[in-house]
Amino acid sequence: MNFYLGIDFGTSGARAIAIDPDLTIRAQATYPFSSSAFQSWVTIWQTALYSLLEQIPVTIRQELTAIAINGTSATVLFCDDKGNPLDEPILYHDGRGVEVLEKVKAIAPPNHSVLSATSSLAKLFWWYERPIYTQGSYFLHQADWLAFLLHGKLGISDYHNALKLGYDVESLCYPDWLTQLSLFPLLPQVFPPGTPINPITLEISQRFNLNKDCVVCTGTTDSIAAFLASGANQPGEAVTSLGSTLVLKLLSQTRIENSNYGIYSHRLGNLWLTGGASNTGGAVLRHFFTDQELEDLSQKIDATKPSPFNYYPLLKKGERFPINDPNLPPNLEPRPDDPVEFLQGLLESIARLEALGYRRLQELGATPLIKVYTAGGGAKNETWRVIRERLLGVPVVSSVNTAAAYGTALLAKKQLYQFAPTIATDPPNPP
Ligand code: ADP
């Protein structure tokens with residue numbers, strides 16, 4: 001039988017899921033990142049990758065057809081000509097790029113997604129000003145480097161990871177303002193996500209008893225992988241993540257960008273994945289209630305009756321989407337004595353912001369919403385689902401699969417979207 005392996009490198013750990021041709025999960029493995037003992041991220045990631053492979057049953061390893069890996073977006077490495085990192089990786093949320101932001105602004109078009117202190121390009125500019133820069137040969141994303149450990153090819157990436165590097169996902173090339181730079185030769189060659197690049201190396205095949213013909217494909221980012229896992233695949237279908245924050249993702253026929261609201265679009269084959277992230281969400285619920293209370297009190301709410309309370313649930317001032325106001329204050333008043341009424345007010349207010357968020361995306365030109373899948377800690381709350389369905393006016397369902405590793409396994413199988421050709425075109429050239 002053919003099996004497909006998706007490997008997810010998220011913020012708190014790594015996970016692998018193997019699926020069969022019917023998309024059924026046949027094996028799973030996890031590797032939590034420990035923050036105790038000091039080890040470089042490079043060592044931790046390599047150990048995690050190899051541990052995940054070892055945890056997959058040998059019978060499945062021997063029949064693996066394809067592997068794809070997702071990493072956290074804008075987590076990057078600066079490597080020598082052998083792929084050895086010359087410095088600690090710079091992680092997704094590291095804002096040191098603020099030091100060089102003016103230099104990025106001088107070359108990139110206004111409102112471009114690279115114009116952020118955490119963008120991959122800002123991180124490369126930061127390295128550009130360090131002495132080790134002269135020893136560098138490859139600038140890679142986390143997913144690119146991990147895939148290199150398996151297939152041995154350097155300088156390969158995908159257009160999801162490369163968006164914050166400045167790659168033009170519409171024209172499928174690097175823009176002129178990037179190709180003119182002296183650091184351009186360090187940038188990876190970009191392929192559609194899920195493009196088969198090379199079989200695993202002989203060494204990896206022998207060491208882990210893996211099918212020697214197993215192909216390693218280009219990957220994606222962790223949040224796109226989670227979207228792929230949900231099953232949403234039609235224009236107008238969306239995934240709301242009810243985690244610590246409220247994150248909306250809507251599959252659209254049109255590409256929309258709006259830097260004021262922090263909205264940008266990823267390419268998904270011939271469609272666009274657009275969305276925004278609000279500071280409201282489960283972190284506010286957790287501030288007032290334990291998870292057990294959330295479960296118990298929610299059952300006492302009549303979800304069909306509207307609450308009289310209209311809050312803006314935030315833990316501190318400031319919001320980007322669906323309202324852009326860095327000084328927007330939290331609004332949690334008036335607070336009724338009855339915790340059931342208070343919770344209903346909170347759940348309904350977050351749902352109202354979710355609905356406003358989807359309206360905002362549509363106002364900016366996205367395909368109208370037809371169905372919402374749900375992921376994150378709040379997805380199990382049936383009362384909330386009914387409230388949200390009332391306010392959103394479209395069916396709201398739970399995602400069957402929420403694990404990013406599952407979405408990446410689908411990518412390896414080329415189950416979704418016409419992302420990738422069967423064989424990578426131009427063999428990649430070293431810079
Ligand atoms: P993160 O974004 O941190 O990964 P999770 O997806 O794990 O978050 O979700 C955690 C959030 O889920 C918490 O902030 C918590 O308030 C919320 N949550 C947990 N249980 C429930 C519930 N029964 N109803 C609504 N929200 C819940």
Side-chain angles (χ1 to χ4, degrees), residues 8-15 30-33 35 70-73 75 91-93 221-230 232 238-249 262 275-303 307 309 311-316 319-321 330 332 335 339-355 357 372-392 396-408:
D8 161 44
F9 274 72
T11 50
S12 57
R15 187 165 175 186
T30 55
Y31 187 97
F33 299 146
S35 52
N70 71 261
T72 49
S73 176
T75 292
L91 301 191
Y92 59 101
H93 57 356
T221 65
D222 59 345
S223 62
I224 295 181
F227 180 89
L228 299 179
S230 71
V239 176
T240 297
S241 174
L242 300 173
S244 303
T245 57
L246 173 73
V247 182
L248 313 188
K249 290 204 167 69
S278 164
N279 292 336
T280 192
V284 184
L285 300 178
R286 192 165 267 175
H287 181 73
F288 293 106
F289 303 102
T290 64
D291 286 3
Q292 191 58 51
E293 285 170 335
L294 287 174
E295 218 166 307
D296 298 342
L297 297 173
S298 294
Q299 285 176 17
K300 298 187 179 146
I301 293 172
D302 180 353
S307 155
F309 303 108
Y311 303 130
Y312 208 116
L314 295 173
L315 287 182
K316 54 181 187 172
E319 175 67 312
R320 184 84 181 267
F321 173 85
L332 294 157
R335 181 168 172 180
V340 177
E341 285 180 37
F342 184 46
L343 177 60
Q344 181 176 4
L346 289 172
L347 295 180
E348 199 158 311
S349 299
I350 296 173
R352 217 174 281 119
L353 291 169
E354 180 186 6
V372 176
Y373 292 79
T374 317
K380 58 178 175 289
N381 190 324
E382 171 60 16
T383 308
W384 205 359
R385 190 196 66 76
V386 175
I387 292 174
R388 293 169 55 228
E389 202 163 61
R390 169 160 56 79
L391 291 168
L392 286 163
V396 174
V397 297
S398 285
S399 306
V400 181
N401 286 293
T402 54
Y406 183 81
T408 303

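We count ligands from 1, going down the list as the structure has it; atoms in each ligand are counted the same way.
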Quiz prompt | Side-chain donor or acceptor of E348 paired with backbone N/O of F309 under 3.5 Å | solution = no
Quiz prompt | Modelled atom types, side-chain donor and acceptor of Q344 and S307, under 3.5 Å | solution = no
Quiz prompt | Pairwise distance OG1(T245) to CZ(F321) - rounded to 0.5 angstrom | solution = 12.0 Å
Exercise. Kindly say whether V396 contributes a backbone atom to a donor-acceptor pair with the side chain of E389 at under 3.5 angstrom?
Key: yes
Exercise. Kindly say whether V397 contributes a backbone atom to a donor-acceptor pair with the side chain of T374 at under 3.5 angstrom?
Key: yes
Quiz item: Hey, what's the ring geometry for F289 with F342, parallel, tilted or perpendicular (30° and 60° as the breaks)?
Solution: tilted
Quiz prompt | Close-range residues for ligand 1, whose non-hydrogen atoms fall below the 4.0 Å threshold | solution = G243, S244, G282, A283, L285, R286, D291, L294, G376, G377, G378, K380, N381, W384
